[in-house]
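Structure first, then comments.
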Amino acid sequence: MTEGTINKKVRVRFAPSPTGGLHLGGVRTVLFNYLFAKQHGGDFVVRIEDTDQTRFVAGAEDYIFETLKWCGLTPDESSLHGGPFAPYRQSERKPMYKEFADKLVKEGKAYYAFDTAEELDTKRKEINNFQYNHATRGLMKNSLTLSAKETESLLAAGTPHVIRILLPDNEEVKFTDLIRGEVIFNTNQVDDKVLLKADGMPTYHLAVVVDDFKMEITHAFRGEEWLPSAPVHILLWNYLFGLENMPQWAHLPLILKPDGNGKLSKRDGDRLGFPTFAMDWKDPKSEETTIGFRERGFLPEAFVNMLAALGWNDGSGQEVFSLDELIAKFSIDRVHKGGAKFDYEKAKWYNQEWIKKLPVSSYQAQVKQILADKGIIANDENLEQILNLVKERCVFLNDFVEQAGFFFKASDTPDIASIKPKWEEKKNMFFIELIRAYELSTLWEAADLEKEFKELAAAHQLKPGELMLPFRIMLVGGKFGPGVFEIAAFLGRDETLNRIKKVLGMLD
Ligand code: GLU
């Protein structure tokens, strides 16, 4: 099966369980689904898989939609956006699943299991690595081991029970994965998964198949961690809706730790000092906040670009892609099978590239807010020009606080220590004269200011080189920033002179 066989309208889905913040692997799954759908003029559906109410976390669903909005990956249909296949939250679709579980029982492809939690526990203790499967189901309390009469009376008495799939013994289940090619499982490797729980809620396995069918999903790209569940899904498709209606699968490679040893986890990010979540996530129970790429100062363009490169390239060596370019160039055939190592330095590189590449107007409002959060009030008039002047020096949006903040607010703690050792009366005199000269100058352009500065230095028999560092510390507060005369031009006469005077006072 290849992409070439598409003849229906492409419909993909992202099917998150709202259990917490969205890991970057989850956003990459969204991205690959989205790119594929948009490339084929198809629909991108977001379905909330909240059938496991014990894992439900308040706020997680809103967080998912906010992340998608930030990334510019807008769903065509979802629990938030609505659509022709609503509801898009599985808990609200509860009545739709039971008939399929019942049908499977009737056809001998599933069975009732009455084992209590204690009974299952006992078996787990008796049998090493216990699995409810071909080898053990005969030892358990289910409609396969009980007589029809016993089963009926247990059901009539309302005895709590689940419905489990009955996997055929020792059979091969095959499917073609768009990334991995042919994948084969033996049913003996798989357990009899629960399809319907005692509370009447479907499990993920039943719900995902029923909903992918009902929502007319044509392609389903999901993380590699779902590969072991695939044989159950394939069998369910075969039993319920026919394999010809099944979506084409692609199991996306894992995102690995920077050293390549295992899957990248939130803990790796905490340990190594980088975000693994898209945006800040505050766990409602522990109140612990996990830092996100957005709050770390990443641009969504860079985040998306970086995610696309985790496991995919277009073969041309091009690295910087806009979302539109990705839609045009993405191809599932070029996604690697092997895991993609996460490289935070590379992520930062993407961000720097995007800060340089985008017009500053596209992130000016955000930077203004970041500055305001630090008590720096920037006026729009100069902000655009200033951001242009310093953007080459910023890796993160937050770097603008240091690189641009001093234009609006003098440093409270200028780096006096770097001037002091070489400070002398001659230099003090020079700056006092400079204040006078600048007070009188009729022009206030960088070139004029530089000329005056150099002439005055010559008159004082000082090398301009020796005076530049003190001048920079006076205006900027530290040893960084663009050309110092350009800074003075921006600051204007009063502010420039005030800053010189302030630092001279501190050097006394
Ligand atoms: N609900 C599953 C998850 O939380 C979705 C897996 C799938 O896409 O089939 O990731």
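The basis for the numbers below is simple: all heavy atoms, side chains too, and nothing from hydrogens, waters or symmetry mates. Because the structure is a prediction, the values reported are computed rather than measured. Note that ligands are numbered from 1 as they come in the structure, with each ligand's atoms numbered from 1 the same way.
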> Could you go step by step and tell me if F36 and F330 meet the ring-ring contact (aromatic ring centres under 6.0 Å, His included) rule?
Replying inline: CA-CA 7 Å; F36 185 82; F330 179 74; 7.3 Å; no
>> Can you name the atoms of ligand 1, numbered from 1 with element, that are less than 4.0 Å from a heavy atom of E49?
In response: 1 (N), 2 (C), 5 (C)
> Nearest protein heavy-atom contact for atom 2 (C) of ligand 1: which residue, which atom, what distance?
Replying inline: A15 O, 3.2 Å
> Given that the side chain starts at C-beta and the backbone is N, CA, C, O, which of these parts of W226 lies under 4.0 Å from ligand 1, counting heavy atoms, or is it both or neither?
Replying inline: side chain
> With a 4.5 Å heavy-atom cut-off, do D268 and F342 have their side chains touching?
Replying inline: no
> What are the atoms of ligand 1, with element, lying closer than 4.0 Å to any heavy atom of V208?
Replying inline: 9 (O)
>> Does F293 form a ring-ring contact (aromatic ring centres under 6.0 Å, His included) with F303? I'd like the steps, not just the answer.
In response: CA-CA 7 Å; F293 279 87; F303 182 57; 4.8 Å; yes
> Less than 4.5 Å apart, any side-chain heavy atom of F185 and any of I234?
Replying inline: no
>> Are there over 12 heavy-atom neighbours, none belonging to K263, within less than 6.0 Å of that residue's NZ?
In response: no
> Hey, does the Lys NZ or Arg CZ of K346 hover above the aromatic six-ring of Y350, less than 6.0 Å from the centre and inside 45° of the axis?
Replying inline: yes
> For atom 4 (O) of ligand 1, which protein heavy atom lies nearest, and how many Å away is it?
Replying inline: S17 OG, 3.1 Å
>> When you measure from the heavy atoms of R13 to every atom of ligand 1, does any distance fall below 4.0 Å?
In response: yes
> Got the closest protein heavy atom to atom 7 (C) of ligand 1, with its distance?
Replying inline: Y204 OH, 3.3 Å
